[in-house]
Every structure is written in C-alpha cells, then in structure tokens.
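Scope of the values below: all heavy atoms of this structure, side chains included, with no hydrogens, waters or symmetry mates.
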Amino acid sequence: MMRRYLIPIVILTILTGGCAMYQSIIKSSFPYTSSLTVVSSAQAGNEYSAVNIANSFDQNFSKSGNNADRITLVRVISAKLRADDPSDYNIGNLSSVKIFLSKDDGTDEMQVAQRQDITANAGNEINLDIDNSKFLDQLVREPNIKVRMVYKVRKTFTRDVSLHVILDLSAYPNPKD
C-alpha cells in the first residue's frame, strides 16, 4: 500500500524541484529598461541630464519586496542604448553617455554604465561599458528605481529624441538560513 503512494510522491518532488530550478535559471538574469529623452534644445559640448523610472518584466522583484529576498549579488552584466523615436536616430550625435541608478527620491545613486568615446557614425544602437563592481541588491528591493542619463551632444537635432536604455542584471538565488 505504501509503495503505491511513494512513486507519485517521488515524481511530484522531482517535478517541483525541477520547476524551482527552472525558475531560478530564468530569474538569474532580468532586464531593467527605461525611455529617456534627448532634448532638441541641447547645445553641442554641454552636459545634460534625462531622468525616468526603470521597468522590469518581473515587477515582483521590486514591488513590495515580494521576491527580492530570494536573490542576492545583483549586478549589471550588460547595457545598451537604442534609438526609439526616431528609430533611425544616430546615437553618434552624442559624444558621451553615463547611466546612473538610484532610489526613486534620487538617493543612493550609483553609476552603472558609460560610454565616453561614442563615434560619430555609431548608428541607432550601441553597447555601453558597464561597471559591475557594485551590488544592486538594495535597489531592486525598492518600489521604483530611477535611471538618470547624463549626456553630451556632439551635434544638435531638430526634435526631441527618445532613447531606450536596456540594463541586463544578473542575480543569484539567496540561500535561506
């Protein structure tokens, strides 16, 4: 009688463990994105700042800390800047970009990516140089994360431009005591 129940219990345990492992793999890398505006009034050689809230496909990591205790060692593993509107905007019109993350109120700001040497013919998407020496564990526990882009314009543009910042973050499962 006991054997009859043992096999389904073992199968259920394996399936549950497999799903947890699969979720762990999925959750180990997740993007934060934000749209930022380069204003048409920006003058060449001057430094400007654009700010917006970041979004993640899995808001449970940041909203109310629901799953944030399950991850640790959160770092930036890649960063891109892509033209959204107009989609053919040449990011080479900018000479440099720095990306910062902070709490919604602007505190605890840290630089996570930059590109100081954007070439004049860069195209509509570039990879940024990341700084993954900082852990973002506390930031991903916040209800909102603010992205600030500091940029210098090489060449002015006749209209405001929307750029999309894509930050890929990695995390490890947090072992519970």
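Side-chain contact between Lys80 and Val165: absent, with no pair of heavy atoms (C-beta onward) separated by less than 4.5 Å. Within the 4.5 Å cutoff, the side chain of Leu136 has heavy atoms near those of the Met110 side chain. Contact of the Val39 side chain with the Asp160 side chain is registered, since non-hydrogen atoms from C-beta on lie closer than 4.5 Å. The closest side-chain heavy-atom distance from Leu101 to Val147 is below 4.5 Å. Contact check for Val153 versus Leu94: side-chain heavy atoms found under the 4.5 Å cut-off. No side-chain heavy atom of Arg115 sits under 4.5 Å from any side-chain heavy atom of Leu81. Side-chain contact check for Ser34 versus Ile53: every heavy-atom pair is 4.5 Å or farther apart. Between Val76 and Tyr32, the closest side-chain pair of non-hydrogen atoms is not below 4.5 Å.
For the atom pair CG (Asp104) and CG (Leu139), the distance works out to 11.0 Å, reported to the nearest 0.5 Å. Atom CD of Gln116 and atom CG of Leu128 lie 10.5 Å apart (nearest 0.5 Å). Between Ser95 atom OG and Ile118 atom CD1 the span is 7.0 Å, to the nearest 0.5 Å. Atoms CG and CZ, on Asp131 and Arg75 in that order, are 10.0 Å from each other to the nearest 0.5 Å. One finds the NE2 atom of His164 at 10.0 Å from the CD atom of Glu125 (value rounded to the nearest 0.5 Å). Atom CG of Asn144 is separated from atom CG of Asn52 by 10.0 Å, given to the nearest 0.5 angstrom.
A donor-acceptor pair shorter than 3.5 Å cannot be found between the side chains of Ser162 and Asp84.
Considering all non-hydrogen atoms of both residues, Ala50 and Thr37 come closest at CB-O, 3.4 Å. For Leu163 against Ile91, the heavy-atom pair with the smallest separation is CD2-CG1, 4.3 Å. The two atoms that bring Ile77 and Ser170 nearest to each other are CG2-OG, 3.3 Å, heavy atoms only. Contact record, Ser40 with Phe157: CB-O, 3.4 Å, taken as the closest heavy-atom pair.
When the shell of 6.0 Å around NZ of Lys134 is examined, it contains more than 12 heavy atoms from other residues, nucleotides or ligands.
Side-chain N or O atoms of Asn90 include one that pairs as donor or acceptor with a backbone N or O of Ala120 at under 3.5 Å. Put simply, the side chain of Glu47 never gets that close to the backbone of Gly45: no donor and acceptor are under 3.5 Å apart. No side-chain donor-acceptor contact under 3.5 Å links Asn93 to the backbone of Lys155. Side-chain atoms of Asp137 come within 3.5 Å of backbone N or O of Leu73 as a donor-acceptor pair.
Note on Ile130: it clusters hydrophobically with Met149, by side-chain heavy-atom contacts below 4.5 Å among ILVMFWY residues. No single ILVMFWY cluster, assembled from side-chain heavy atoms under 4.5 Å apart, contains both Ile145 and Val150. The cluster map of Ile, Leu, Val, Met, Phe, Trp and Tyr, joined by side-chain heavy atoms under 4.5 Å apart, puts Ile166 and Phe100 in different clusters. Cluster annotation: Val51 is not connected to Tyr48 through the hydrophobic network of ILVMFWY side chains, with a link wherever side-chain heavy atoms come within less than 4.5 Å.
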**Item:** Test side-chain contact (heavy atoms from CB on, under 4.5 Å) applied to Lys98 and Arg148, step by step
**Value:** CA-CA 8 Å; Lys98 294 178 188 173; Arg148 184 169 72 96; over 6 Å; no
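Remark: Arg159 engages Asp85 in a salt bridge, criterion side-chain N to carboxylate O under 4.0 Å.
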